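Below is one structure; the comments refer to it alone.
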2 protein chains.
Amino acid sequence: MLTEERHRIILQLLKEKNIVKIHELVDLTETSESTIRRDLSLLEEGKFLKRIHGGASRLQGKLQEPSMNEKSSKNLHEKRQIAQFAAGLVEEGDCIFLDAGSTIQEMIQFLPKKEIVVVTNGLMHIPSLLNKEIPTYLIGGFAKQKTNAIIGRGALESLNLYRFDKCFMGVNGIHPQFGFTTPDQEEAMVKQKALSLSREAYVLADETKFSEIAFSKIADIHEAVIITNELADETKDLYRSRTTIKVVTP
Amino acid sequence: MLTEERHRIILQLLKEKNIVKIHELVDLTETSESTIRRDLSLLEEGKFLKRIHGGASRLQGKLQEPSMNEKSSKNLHEKRQIAQFAAGLVEEGDCIFLDAGSTIQEMIQFLPKKEIVVVTNGLMHIPSLLNKEIPTYLIGGFAKQKTNAIIGRGALESLNLYRFDKCFMGVNGIHPQFGFTTPDQEEAMVKQKALSLSREAYVLADETKFSEIAFSKIADIHEAVIITNELADETKDLYRSRTTIKVVTP
DNA sequence: CTGTTTTTGAAAGAAAATGATTGATTTTTG
DNA sequence: CAAAAATCAATCATTTTCTTTCAAAAACAG
């Protein structure tokens, strides 16, 4: 059995079980304990897992891309519902802005087969957009490694070339007083700019984002329509007076 | 069994299994280990798979160019030599423009670990550039599906924000009278603009590009230094009088 | 047919992976 | 708390795989 093959098996097993024991792996792969230990050491070095006494455990850093599976399927389902609803708002002839980030990425698959134009700062959206043969414009600027978003002065200048019918974005915090917020200042500026260039603005957020505050402010609460799933009634009331909330019914 | 035939078998098997072992392939094709090793090396060069100890594994594609099946390994080798030479021209502190396209993509792996800044219109370059932790700026504009390049008005406007120490580009035709040419007019405009913003301009081209003419003109022959591999003497003379040619010695 | 290039297989030494063993360290058990 | 059990890191000999080199075989061109 090849090294890489074992590594795949180990990671696969970890995904399912959160914790694997050394002996389990020895039996499964029919190799020696030494070999498995070496494997675990290597994988730990590569930040794929954490070694613990007797085995290894999964690490839930955000660094883990495939930990998408870890997100409870409920959460994912909600996210998708919100995304689908948002995509339904797009109309023939629209020019829309799509923010970088995984929330918005879910939207793309639901975008209608109409004549639309998409502008985005999300590098991760490009393959799927082109795949759907949607005319796509990317704004210029600095390519941020961690989030795969385009940010910076170039991004703002670039946006000036466009006007949008609708823009869609994800945020990290929604708060009655502090408005929409996100951790990265540069990304906040891009969102802000895009929002100011749109006739209609939509923020996609599941219930976990409400009453949260992140570092950098994007806009006041009334400047965008919030698309979300079921909310506690008292939360709803808190926001209803200040802005529009579209609640996706399952 | 023909080389091509073996390659096809190997790739087919990889599609099904994610991992293939050397001995598996030796048995299957009834050739020697040496031959299989050579095959795997070639296929790895062409970015079709990744060699691992004891076999090979499938590489899960990023934003790779899929339509480039005709890579002959000889051609690829030349291309790589040219790319390596070009990368060697990059100096500490340089701000360089990298054109979209597979020729330039080869350069990235050879870029020196110095403080440099890269601006590009090639979406396919982004993953490897970010991977090397090189500060990267993408210009804005229309994302062209076929070539994964950013083009159009936005691209030209975007470029205006920058000035380059050096720019590197691929072309389709080089001709004493007609200059540098490429099939797509929009891409030609981007190349032209980038070239005009650079202190020094370099065109990377193997011998097959000489005396060819494509539809859209980028610049006159004297406006860029040509980096190429061995040339017939008469070809060399034809261009030497009008521009600089750097010949990469193998 | 002859000389050249390309492809192939074999072989040798280098490099990597493996499994067993050692004694140290940690955890469990009494 | 201390002994017993389990797990661990480190080392080493062995096996497997890799790279390089070379010569024979095959394909090719003139």
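Values in this document were obtained by computation on a predicted structure and should not be read as measured data. Order of the sequence lines fixes the chain letters, A, B, ..., with proteins taken first and strands second; residue numbering starts at 1 for each chain.
- Of the residues in residues 1-14 of chain B, those placing a heavy atom less than 4.0 Å from an atom of DNA chain C are B:Met1, B:Thr3, B:Arg6, in numerical order.
- In this view, B:Phe180 satisfies the ring-ring contact (aromatic ring centres under 6.0 Å, His included) rule with no residue, not counting sequence neighbours.
- Between B:Glu4 and B:Arg8 there is no salt bridge, since none of the side-chain N atoms of the basic residue sits less than 4.0 Å from a carboxylate O of the acidic one.
- Across all strands shown, A:Ile36 has no heavy atoms under 4.0 Å from either base or sugar-phosphate atoms.
- Summarising the geometry, the separation between CZ on B:Arg37 and C1' on C:dA10 is reported as 13 Å, rounded to the nearest angstrom.
- Overall, the helix from C:dC1-D:dG30 to C:dG30-D:dC1 carries an axis bend of 40° between its ends, with five pairs at each end and the value rounded to 10°.
- Heavy-atom contacts of chain A under 4.0 Å fall on DNA chain D between two terminal nucleotides, which in 5' to 3' order are D:dT7 to D:dA9.
- For B:Lys217, the salt bridge (charged side-chain N to carboxylate O under 4.0 Å, His left out) test picks out B:Asp220, with sequence neighbours left out.
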Between the protein and nucleotides 22-30 of chain C, which nitrogen or oxygen pairs come in under 3.5 angstrom?
none

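- Atom pair B:Asp39:CG and C:dT8:P shows a separation of 7 Å (rounding to whole Å applied).
- In this view, A:Ser216 and A:Gln185, A:Ala188 satisfy the side chain to side chain contact (heavy atoms under 4.5 Å, CB included) rule, not counting sequence neighbours.
- In this view, B:His175 and B:Phe178 satisfy the ring-ring contact (aromatic ring centres under 6.0 Å, His included) rule, not counting sequence neighbours.
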Would A:Glu30 and A:Met1 count as a side-chain contact (heavy atoms from CB on, under 4.5 Å) here? Give the steps. CA-CA 9 Å; A:Glu30 290 173 348; A:Met1 174 158 311; over 6 Å; no
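- Residue A:Thr35 places at least one side-chain N or O closer than 4.0 Å to OP1 or OP2 of C:dG19.
- The closest donor-acceptor contact from the side chain of A:Arg6 to the backbone of A:Ile36 lies at 3.5 Å or more, if one exists at all.
- Residues from residues 22-31 of chain B that place a heavy atom under 4.0 Å from any atom of DNA chain D, listed by number: B:Ile22, B:His23.
- A:Ile52 comes within 4.0 angstrom of sugar-phosphate atoms only, judged by non-hydrogen atoms across all strands, and of no base.
- A donor-acceptor pair under 3.5 Å is absent between the side-chain atoms of A:Glu106 and the main chain of A:Ala83, judged by distance alone.
- Between the side chain of A:His23 and the backbone N or O of A:Gly55 there is no donor-acceptor pair closer than 3.5 Å.
- Shown here are the salt bridge (charged side-chain N to carboxylate O under 4.0 Å, His left out) partners of B:Glu223, two or more places apart in sequence or in another chain: there are none.
- Residues satisfying the salt bridge (charged side-chain N to carboxylate O under 4.0 Å, His left out) test with A:Lys144, not counting sequence neighbours, are A:Asp184, A:Glu187.
- Residue-environment remark: CE (B:Met189) stays at or below the threshold of 12 foreign heavy atoms within 6.0 Å.
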One pair to check against side-chain contact (heavy atoms from CB on, under 4.5 Å): B:Ile150 and B:Val190. What are the steps and the verdict? CA-CA 9 Å; B:Ile150 301 286; B:Val190 172; over 6 Å; no
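- Within the 3.5 Å criterion, the main-chain N or O of B:Gly170 finds a donor-acceptor partner in the side chain of B:Asp99.
- Listed by chain and number, the residues in a salt bridge (charged side-chain N to carboxylate O under 4.0 Å, His left out) with A:Glu33 are A:Arg37 (sequence neighbours excluded).
- In terms of polar N and O atoms assigned as donor or acceptor, the side chain of B:Arg38 comes within less than 3.5 Å of the base of C:dG9 in a complementary pairing.
- Under the 4.0 Å criterion applied to side-chain N and carboxylate O atoms, B:Lys79 and B:Glu45 are not assigned as salt-bridge partners.
- When the side-chain nitrogen and oxygen atoms of A:Ser32 are compared with OP1 and OP2 of C:dT18, none of them lie within a distance under 4.0 Å.
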